[in-house]
Number of protein chains: 2
Amino acid sequence: MLKKERQELIIHEVNLHNKVLVADLSAKISVSEDTVRRDLIELSDEGRLVKVHGGAISNSFRNSYKHTDVYSLDQKKVIAQKAVSVIRDGMLVFTTGGTTLLEMLRILPRSLRATFVTVSIQGAFELMQHPHIEVILIGGKLSHSSQIVVGGEAIHRIRKFNADLAFLGVNAIDTERGITDNDYEVTLIKQAIIESSAQVVALSIAEKLNTVQKIQVCPPEGYQTLITELPPGHPLLQPYHNKNKTIV
Amino acid sequence: MLKKERQELIIHEVNLHNKVLVADLSAKISVSEDTVRRDLIELSDEGRLVKVHGGAISNSFRNSYKHTDVYSLDQKKVIAQKAVSVIRDGMLVFTTGGTTLLEMLRILPRSLRATFVTVSIQGAFELMQHPHIEVILIGGKLSHSSQIVVGGEAIHRIRKFNADLAFLGVNAIDTERGITDNDYEVTLIKQAIIESSAQVVALSIAEKLNTVQKIQVCPPEGYQTLITELPPGHPLLQPYHNKNKTIV
DNA sequence: AAAAATCCGGCAGAAACCTGCAAGAATTAT
DNA sequence: ATAATTCTTGCAGGTTTCTGCCGGATTTTT
């Protein structure tokens, strides 16, 4: 069998089954695993599939995420960068939804080894791109408005965890009223997450500081750390320093 | 034999078999391999075939596979169309992962009012785009290789449902060995889904018919309906008719 | 932390390739 | 018709490519 022919067969097989194992291909076309591996490397270089440990996966399988325009993206990137610095290998981390959170998940270092628990499908999707991160999805009814899982079943599941860290994308935050939101179901979920985490990190763009929404997620003492795009010494953050918050 | 004549013969061979080996041609027309090689180079320069190490392949060879890539998207659309016709308002429907399934979810009519339960994050994402569909996500650990939720917790959850319908994207299907797959975790999930559904619909492109993978998902009697891109009367489907499957 | 699977780089034999050359065939010029 | 020229073909040799194997490094899994 011609080399080219073999490679086309591999491509075909990958597109058909979304993934292939080196050992299977080796058996199927009767060549050594080394040869298959070399073929996969070549095909991968040509961008026709994605090589992974032990085999390869179709790239149509992987590339379906679209980077939608997000409001004030640059600020969110700064926040994301700071947030990443709080995470350590081996941690169990909760995350909620929200574009700032997604931005953060996207830039997590490839080498990070941690377990993430999330209620956000997009969040889960981003996390899946990272090879060494274990992703646990909370099940339940999906809310169309917030794109996250909500409901009693979800809350019950969340309560089972004792996370090291929770990242909360906030809608409004204020020194007096704490974190507030305007979607009742979402507040319930966030409350459950807060209660199940040792440390709660609130992520907020400066614009949301000192704003209040209709429903309280947690009082001012409900979270310990605040991350914004502003430098920690910025005057706007002084009131939070006064409340003994860790400002990153 | 004239040079021209010989080259036409080579072209004929290539078009007939899609590939030729230098050694074969040399033997067949009783000229040295060098001559064949030189002919192949000339023909390749003229663009009448593609020379590769060891022989040559027909122009349409690379194309034919590429064709099937695009083509198979069309096939999936046909399957999706048929699958949609099986769903009725008010149904509780299970879906697994797989690109064919995603294609189907994408084209669901906007007016459909039903509840979908899924283990696929991409599937959930697609379903979220439909305003009147309630989406329930099964929670659990996400498998990197298959992009769906797996594990005992997920299976336990799945068992709680009594769905009207399950759409199963299959990896391999055969009249004797039933539906098979090559990822153990995935087979467990699919089995749970099958057991929790009144009617099981298998979605498969024709190319996967009569193929077998390593682990059985269910025996031939485990599903009731088969949907492919072929018309229901196609001879390839006759064996499935004989097994009393509903062919759409 | 150990055990298993996978990967990587180098090696070696075989097969395929290329280059130059020379003899014969075909074509053209005289 | 003959000589000169060009084409074609096979061969010899040296080079490159392909492939399987092996040992050690790396990654994954238990």
Side-chain angles (χ1 to χ4, degrees), chain A residues 1-11 13-14 19-46 49-57 89-90 109-116 127-136, chain B residues 1-11 13-14 19-46 49-57 140-147 150-152 182-188 214-215:
Chain A
M1 166 158 337
L2 259 31
K3 179 181 160 190
K4 191 90 180 211
E5 202 181 348
R6 195 177 57 224
Q7 294 191 347
E8 291 300 328
L9 182 70
I10 291 175
I11 287 290
E13 203 67 17
V14 167
K19 78 170 190 187
V20 288
L21 304 179
V22 172
D24 289 353
L25 286 174
S26 165
K28 181 160 214 154
I29 53 196
S30 307
V31 292
S32 74
E33 297 200 354
D34 296 81
T35 301
V36 172
R37 203 167 286 120
R38 273 185 282 241
D39 282 342
L40 292 182
I41 290 168
E42 278 184 35
L43 292 169
S44 175
D45 286 347
E46 292 168 21
L49 48 70
V50 179
K51 184 163 176 5
V52 296
H53 198 91
I57 59 179
D89 267 20
R110 303 279 295 174
S111 59
L112 181 67
R113 290 165 186 276
T115 302
F116 278 73
L127 286 165
M128 289 282 289
Q129 314 300 321
H130 296 270
H132 301 127
I133 290 179
E134 179 165 6
V135 188
I136 294 171
Chain B
M1 172 172 312
L2 262 43
K3 179 181 168 191
K4 196 89 182 223
E5 197 181 345
R6 195 178 58 227
Q7 294 194 348
E8 288 307 321
L9 180 71
I10 292 176
I11 288 292
E13 278 300 298
V14 167
K19 71 156 184 180
V20 286
L21 305 181
V22 172
D24 288 355
L25 286 175
S26 165
K28 182 162 219 151
I29 50 195
S30 308
V31 291
S32 75
E33 297 201 351
D34 295 83
T35 302
V36 172
R37 246 190 293 280
R38 275 186 279 242
D39 283 342
L40 292 181
I41 290 169
E42 279 183 33
L43 292 168
S44 177
D45 286 347
E46 292 167 20
L49 47 69
V50 179
K51 170 136 185 40
V52 298
H53 194 92
I57 56 181
K141 184 165 67 87
L142 273 168
S143 150
H144 279 90
S145 58
S146 57
Q147 312 246 82
V150 298
N182 56 12
D183 185 325
Y184 179 61
E185 297 275 22
V186 173
T187 61
L188 294 181
K214 286 183 217 147
I215 311 165

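Basis for what follows: all heavy atoms, side chains included, without hydrogens, waters or symmetry-related copies. None of these values were measured; they are calculated from a predicted model.
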Exercise. Hey, can you pull the residues of residues 30-41 of chain B with a non-hydrogen atom under 4.0 angstrom from DNA chain C?
Worked result: Asp34(B), Arg37(B), Arg38(B), Ile41(B)

Exercise. Between dC7(C), dT9(D), dT19(D), which nucleotide gets closest to the side-chain atoms of His53(A)?
Worked result: dC7(C)

For this session: Inspect the contact between Glu42(B) and Lys3(B) and indicate whether a charged nitrogen and a carboxylate oxygen are less than 4.0 angstrom apart.
Result: yes

Exercise. Which distance, rounded to the nearest 0.5 Å, do you find between the CG of Asp39(A) and the CG of Leu25(A)?
Worked result: 9.0 Å

Problem set entry | Euclidean distance, atom CD1 of residue Ile133(A) to atom C1' of dT28(D) [Å, nearest integer] | 17 Å

For this session: Applying salt bridge (Lys or Arg N to Asp or Glu O under 4.0 Å), name anything that partners Lys51(B), two or more places apart in sequence or on another chain.
Result: none

Exercise. Please give, in whole Å, the distance from dT28(D) C1' to Leu21(A) CG?
Worked result: 14 Å

For this session: Taking only the side-chain nitrogens and oxygens of Lys51(B), find out if one of them lies under 4.0 Å from OP1 or OP2 of dC17(C).
Result: yes

Exercise. When you check the phosphate oxygens OP1 and OP2 of dT28(D), does a side-chain N or O of His132(A) lie under 4.0 Å from one of them?
Worked result: yes

Problem set entry | Separation of atom NZ in Lys3(A) from atom P in dT16(D), rounded to whole Å | 16 Å

For this session: Take the protein atom CG of Leu25(B) and the nucleotide atom P of dA16(C), then report the distance between them rounded to whole Å.
Result: 12 Å

Seminar exercise, completed: So side chain to side chain donor-acceptor pair (under 3.5 Å) across residues 22-34 of chain B, not counting sequence neighbours, yields Ser32(B)-Thr35(B)

Exercise. Nearest nucleotide by nearest heavy atom, which residue falls closer to the 5' end of DNA chain D, Glu42(A) or Arg113(A)?
Worked result: Glu42(A)

Exercise. Going by heavy atoms in the side chains, are Leu43(B) and Ile11(B) under 4.5 Å from each other?
Worked result: yes

For this session: For residues Leu127(A) and Leu142(B), determine if any side-chain heavy atom of one lies less than 4.5 Å from a side-chain heavy atom of the other.
Result: no

For this session: Rounded off to whole Å, could you give me the CD-to-C1' distance for the Glu185(B) and dT29(D) pair?
Result: 13 Å

For this session: Send over the distance from Gln7(A) CD to dT17(D) C1', rounded to a whole Å.
Result: 13 Å

